Amino acid sequence: MARGAAMSASKLSKIERGHLAPSPLDVERILSALQVSEEVKTRFTQAARAAMTEVTAWRLHRRLSLLFFRRFPTCGWRS
């Protein structure tokens, strides 16, 4: 399966166990290896893109919050 999806067995295992979120490309490759329809591939790839966008937004929010509280340590609830 990993070879058909053009990824290492280790990476596929991490995705299967939920230790690594698959990128949209990973999802597309896995579904191609499983020979699913283009319609299914499109739906799952779009869902993976949406999930990655949300994760990126949360990371940015967290990073900016940490920077803010380092700069202004007496602001808000961290005083």
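All figures in this text were calculated on a predicted structure; none of them were measured in a lab.
Considering every non-hydrogen atom in both D26 and I15, the closest pair reads OD2-CD1, 4.1 Å. Residue S32 comes nearest to K41 through the heavy atom pair OG-NZ, 3.0 Å, listed as atom of the first residue, atom of the second, then distance. M52 and S23 make their closest contact through CE-CA, 4.4 Å (heavy atoms, listed as atom of the first residue, atom of the second, distance).
Separating the CE atom in M1 from the CZ atom in R29 is a distance of 12.5 Å, to the nearest 0.5 Å. Note that OG1 of T42 is 8.0 Å distant from CD of E28, once rounded to the nearest 0.5 Å. Rounding to the nearest 0.5 angstrom, the gap separating the CZ atom in R49 from the CG atom in L25 is 9.5 Å. To the nearest 0.5 angstrom, L12 atom CG is 12.5 Å from R3 atom CZ.
Shown are E16, R17, K11; of these, the side-chain contact (heavy atoms from CB on, under 4.5 Å) with K14 is made only by R17.
Annotation: side chain of M7 is in contact with side chain of I30 (closest heavy-atom distance under 4.5 Å).
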